[in-house]
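What follows is a short report on a single structure.
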Amino acid sequence: MRASFTLILGLPLLVAALILPFVVADSYVVHSAAMVLYFAYMASSWNFVCGYVGQVSLGHAAFSGIAGYASVLLFTGLGLSPWIGMILGGVLAAAISVPVGYATFRLKGPYFTLTSIAFAEIMRIWLENTDEFLGIPLKGAQGLTVPPVGGTSFLAFQFDGKLPYYFIILAMLVGVMAATHVMERSRLGFYLKAIRGNRDGAEALGIDPTRYCLTALALSAFLTGLGGAYYAQLFRYINPERNMGIDLSIDMAVMTIVGGQGTILGPTLGALVLHPVGEMVRASLGGHVLGLHLIIYGVVLMLAVLYFPKGIIAPLQRWLTPASKTTAPQTTVTVATPKEVEGR
Amino acid sequence: MDALTLSFAVINGLLLGGIYGGVALGLSLIFGVMRVINFAHGSFLMLAMYCSYLLWASLGVHPYVSILVTVPFLFGVGYVVQSVVISPLIRRERALVVEPTSALLLTAGVYLVVDNSVLMAFGPDVRSVTTDITYESIFVAGLPINLARLIGFAAAILVAFALSFWLKHSDMGRAIRATAQNRDAAALSGINVPLIYNVTFGLGCAVLGLFGALLVPFFSITPTIGLSFGIKSFLVVVLGGIGSIPGSILGGLLLGVFESVAAQFVTATSAAIFSFGLFIVILLMRPAGLMGRA
């Protein structure tokens with residue numbers, strides 16, 4: 001049922017995304033569209049943890065930053081192709097996510113969220129104030145630039161126009177959606193659903209909650225890392241604030257929650273609605289008013305949590321598949337589900 | 001590293017750590033009673049600091065006198081935020097159980113609104129208040145001790161004791177503890193649970209009003225200072241044990257001393273990495289925190 005809904009809504013979106021750059025050839029539009037896709041990709045990667053494990057991470061930007069820096073440094077230092085650097089950076093981000101998750105997933109309560117924020121902010125502040133670490137030039141808050149190789153080179157992840165970047169992130173987004181789809185139907189997906197529904201019950205059935213939550217976190221960190229490395233290549237520049245600041249973590253969270261967490265298309269819908277709003281606010285006020293778009297995000301986030309806990313995807317789903325009520329029940333788990341009645 | 005520098009670092013760490021603990025008290029209290037992590041905790045501290053700064057800059061009010069305004073103001077802010085923003089969530093939940101992630105996201109929204117409103121109103125400039133007490137130091141055994149920090153430290157200890165005593169012996173305190181233990185049973189015994197929540201949230205924020213004003217004489221004010229204090233508070237309460245008042249002070253002292261001593265060997269920002277490492281180690285060995293009940 002849900003797969004068909006995803007196709008009904010997703011296919012037209014995909015077709016629109018494929019023809020958009022040929023209808024509007026303006027490079028600003030293509031760049032903005034690529035940014036929407038980038039945020040959709042990041043939110044979808046974030047959704048792996050929040051939507052399926054049920055833990056809110058507000059430190060995912062750290063994974064983006066770690067992988068971004070790794071890929072740029074491997075390229076500038078060793079001449080390694082950013083494509084390989086991207087994968088290695090993602091693996092590094094996943095490896096770093098494991099101890100953070102291991103220490104906190106064993107505990108009930110908000111430990112993971114608090115630790116994730118602290119981790120990301122400490123990493124960012126450290127990076128901003130470190131010019132050199134073990135002989136590696138990190139250049140602190142100034143950031144690193146990716147030296148141009150001149151012209152188009154697939155191996156160096158550098159292209160003349162914006163178009164190739166657009167299609168790369170589109171492919172990545174489709175990839176992460178496919179991964180979400182496979183994960184939902186895999187053993188891991190069912191385990192996570194069980195853990196989220198009733199952790200103690202799942203444990204009694206022999207599911208190790210820490211292990212499967214960690215698997216999902218590592219996957220999510222890996223995917224987020226790929227996005228961070230992509231961002232560094234798109235701008236040919238990386239700095240701690242933009243690539244691992246708390247704003248990025250919050251963007252991912254707000255877009256996913258508003259769009260509909262725990263669904264395949266939800267995060268993309270959230271990015272599709274929110275990123276243009278943020279851009280328009282920024283553009284129309286010409287940077288005179290700092291932070292207004294974040295105030296709007298904050299208000300939208302509060303309203304979404306209070307009144308649309310399933311996100312904007314829920315009403316869409318009802319309109320597009322009216323028969324779904326009588327057939328299979330909704331399998332998504334939402335923020336609002338009361339999980340456990342604690343006795344204190 | 002001579003003994004004098006080290007003991008100076010330890011004393012400074014203790015003083016600052018006590019203040020960290022004091023700032024974290026409200027976070028711990030709110031979580032202990034409502035099971036809600038207030039992500040906007042640091043933002044409210046920042047709000048108190050701006051309030052104190054404005055009173056000093058416009059009317060020349062000494063930061064310590066501004067406590068008379070900041071504490072009630074922050075109590076009001078906390079009360080309103082709880083009753084307007086968070087209570088709809090609590091009312092909606094069946095069995096009065098708040099799912100922690102929803103409440104956290106909700107307060108993350110509050111953080112976004114508060115921090116960026118202040119950024120819009122005041123810009124990113126660093127502001128500071130200079131008073132007679134800023135550079136005042138007393139000497140104990142040949143070591144200079146900054147008076148403003150000492151006052152902040154003393155206030156943290158005092159507030160922790162007063163809060164524990166009040167929770168234990170006053171009617172309202174009893175009602176708060178009863179609600180924390182079992183809100184349904186508390187409601188059945190005639191306790192007005194929504195009111196208790198509002199008061200608890202207000203109280204947790206009022207403590208920030210106090211420390212905001214106490215920090216102003218020796219801490220520069222920027223719109224982003226809230227987040228850095230908020231994160232320190234998260235570390236402190238998890239270290240000390242979420243919901244424990246003495247744990248909050250102890251966690252603060254530990255973090256303060258560790259940071260201050262580590263900063264003698266490496267840069268202050270690298271020291272923060274070490275304190276995060278310490279935090280992970282403690283979490284692995286004693287998941288409930290130093291004073292928490294497992």
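In what follows, every chain begins at residue 1, and chains take the letters A, B, ... in the order their sequences are listed.
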Report, one line per pair, each donor and acceptor closer than 3.5 Å where one atom sits in a side chain of residues 103-119 of chain B; sequence neighbours left out.
from: Thr107(B); atom 1: OG1; to: Ile37(B); atom 2: O; distance (Å): 3.2
from: Thr107(B); atom 1: OG1; to: Phe39(B); atom 2: N; distance (Å): 3.0
from: Thr107(B); atom 1: OG1; to: Ala103(B); atom 2: O; distance (Å): 3.1
from: Thr107(B); atom 1: OG1; to: Leu104(B); atom 2: O; distance (Å): 3.0
from: Asp115(B); atom 1: OD1; to: Ser43(B); atom 2: OG; distance (Å): 2.8
from: Asn116(B); atom 1: ND2; to: Leu112(B); atom 2: O; distance (Å): 2.7
from: Ser117(B); atom 1: OG; to: Val113(B); atom 2: O; distance (Å): 2.5

Max heavy-atom pair count under 4.5 Å with chain B, selected residue of [options]:
options                                   : result
Thr113(A), Val300(A), Leu58(A), Thr115(A) : Thr115(A)
Val254(A), Leu114(A), Leu303(A)           : Leu114(A)
Leu294(A), Val56(A), Leu301(A)            : Leu294(A)

Ring center gap for Tyr79(B) and Phe201(B) short of 6.0 angstrom: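 Between Tyr79(B) and Phe201(B), the centre distance exceeds or equals 6.0 Å.
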Contact class of Leu127(A) relative to chain B, heavy atoms under 4.5 angstrom: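 Neither part.
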Chain B contact via Ile296(A) - which portion, at a heavy-atom distance below 4.5 Å: neither
Parallel, tilted or perpendicular: rings of Tyr20(B) and Phe229(B) (30°, 60°):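 Correct class here is perpendicular.
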Side-chain (Trp46(A)) to main-chain (His60(A)) donor-acceptor, under 3.5 angstrom: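 Answer holds: no.
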Salt bridge (charged side-chain N to carboxylate O under 4.0 Å, His left out) involving Arg174(B) - partner list, sequence neighbours excluded: Asp171(B)
